[in-house]
2 protein chains.
Amino acid sequence: MSDTTMDPWVAQAERTLAGAGRKRGGARRAVLELLAAESCALTAVQIEDTLRSQRRAVSRASIYRILEELERVQLVQRVETGQAMVRYERVRGDSEEHHHHLVCDSCGVVMPFSDPALERAIAKVSERVPLAVVSEHEIVLHGACRQCAA
Amino acid sequence: MSDTTMDPWVAQAERTLAGAGRKRGGARRAVLELLAAESCALTAVQIEDTLRSQRRAVSRASIYRILEELERVQLVQRVETGQAMVRYERVRGDSEEHHHHLVCDSCGVVMPFSDPALERAIAKVSERVPLAVVSEHEIVLHGACRQCAA
DNA sequence: TTAACTGCAAAGAATTTGCATCGTG
DNA sequence: CACGATGCAAATTCTTTGCAGTTAA
């Protein structure tokens, strides 16, 4: 696939990894393309199942290793939703929309949401807090989705 | 111990549990008193270690069962900090200060913080979101503590 | 006396690691 | 050719469950 048809986030990720002395690999590429296409956070098991159903199976161990590496170079971030498993999603650049998560505690569905006013409030409070640096933040709202509340 | 010397949160918890048909027990009481005295979130393992060092050892299985029960009746809530283990802390009433968490990704320390403006922003956004009900929210800021950044 | 509470040990489930092999640079 | 990438299986670690004995109501 040429660079012109490659997803820009995947291309950026490959460049970052190459710069860190990493070599390309089919398993990691498959994970990157899945994360690039996904709009919200997935668990490692969901990633494994999705890739297998796409006939591009990747072993669970590799998935965890790949996600760990991507998290280290800040291409991916973990999302914790209070459910059993950790979720992962690609990090959006500053120009892209930054989102947070809604969790229905009844059916377990996870949805993204974003709100500029909330981001401003977070940016402001980040300056007053007893941390020398605030590198990221995570917000999760729990409740009942319309379907479950009906 | 009489009600007048018992921590108010512990007393409230015992009442709630009695109302739910539960009987009193020493292990649960020890966990309740620890959570009442603690200002921030603890992991199950920290609870176990602390109680053992206070010579009031409680088995790990009981700790998990107790925390599960307390979470069910909303006396305790889980806090996920992106670290390996889930943490637990007592739920504050509306009159008490509601807090969120700061995590130093370098040394792992977890600290509480609170900000009224942020709470207002959350309350406002909760009304616009595609959930029928928003029952709670969790905010975690990650970064480097002053000690680690120095 | 009944049903809840607990501890201990075994079971489960998610994640990590060891090791041999394959593939990229 | 060297070192990273990957799969498989075993090992870890946190959490849950089964069971038997203890205790509150």
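- In this structure, the CZ atom of A:R28 is 12 Å from the P atom of D:dG7, given to the nearest Å.
- Contact record, A:Q46 with A:T50: O-OG1, 2.7 Å, taken as the closest heavy-atom pair.
- Scanning DNA chain C 5' to 3' for nucleotides with an atom closer than 4.0 angstrom to a non-hydrogen atom of chain A gives a first and last hit of C:dA14 to C:dG25.
- One finds the OG atom of A:S59 at 11.5 Å from the OH atom of A:Y64 (value rounded to the nearest 0.5 Å).
- One can place CD1 of B:I66 at 14 Å from C1' of D:dT16, the figure rounded to the nearest angstrom.
- The residue among A:G26 and B:V86 whose nearest nucleotide of DNA chain D lies closer to the 5′ end is A:G26.
- Contact check on A:R65 versus A:E68 returns no salt bridge, with no Lys/Arg side-chain nitrogen under 4.0 Å from an Asp/Glu carboxylate oxygen.
- Remark: B:R24 is not in phosphate contact with D:dA24, judged by side-chain N or O atoms under 4.0 Å from OP1 or OP2.
- Within 4.0 Å (heavy atoms only), B:A27 reaches sugar-phosphate atoms of the nucleic acid but no base atom.
- Computed from coordinates, the B:Y64 OH to D:dT13 P distance equals 13 Å when rounded to whole Å.
- Under 4.0 angstrom from either OP1 or OP2 of D:dT6 there lies no side-chain N or O belonging to A:S59.
- At whole-Å resolution of the value, CZ in B:R29 and C1' in D:dT23 are 16 Å apart.
- The 5' end of DNA chain D is approached more closely, in terms of each residue's nearest nucleotide, by A:A57 than by the other of A:A57 and B:R65.
- If you check every strand for non-hydrogen atoms under 4.0 Å, A:V45 touches nothing.
- If you take CZ of B:R72 and P of D:dT16, they are 12 Å apart, rounded to a whole angstrom.
- A:E33 has its side chain out of reach of A:E38: every pair of non-hydrogen atoms, C-beta onward, lies at least 4.5 Å apart.
- With salt bridges taken as basic N to acidic carboxylate O contacts below 4.0 Å, one links B:E71 and B:R78.
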Taking distance alone, no hydrogens or angles, what donor-acceptor pairs closer than 3.5 Å link side-chain atoms of residues 120-136 of chain A to residues at least two apart or in another chain?
residue: A:S126; atom: OG; partner: A:I122; partner atom: O; Å: 2.8
residue: A:S135; atom: OG; partner: B:H142; partner atom: O; Å: 3.3
residue: A:E136; atom: OE1; partner: A:Q77; partner atom: NE2; Å: 3.1

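- Salt-bridge check for A:R22 with A:E69: passed, with a basic side-chain N closer than 4.0 Å to an acidic carboxylate O.
- Between B:R87 atom CZ and D:dC14 atom P there is a gap of 12 Å when expressed in whole angstrom units.
- Residue contacts for A:R56: at a heavy-atom cut-off of 4.0 Å it reaches the sugar-phosphate backbone alone, with no base atom in range.
- Between B:G21 and B:R60, the residue anchored nearer the 5' end of DNA chain C, judged by the nucleotide with its closest heavy atom, is B:G21.
- Rounded to whole Å, the distance from CD on B:E69 to P on D:dT15 is 18 Å.
- The interatomic distance linking A:E48 (CD) with D:dC8 (C1') rounds to 12 Å, in whole Å.
- Distances were taken from every side-chain heavy atom of A:K23 (C-beta onward) to each of D:dT15, D:dG4, D:dA24; the shortest belongs to D:dG4.
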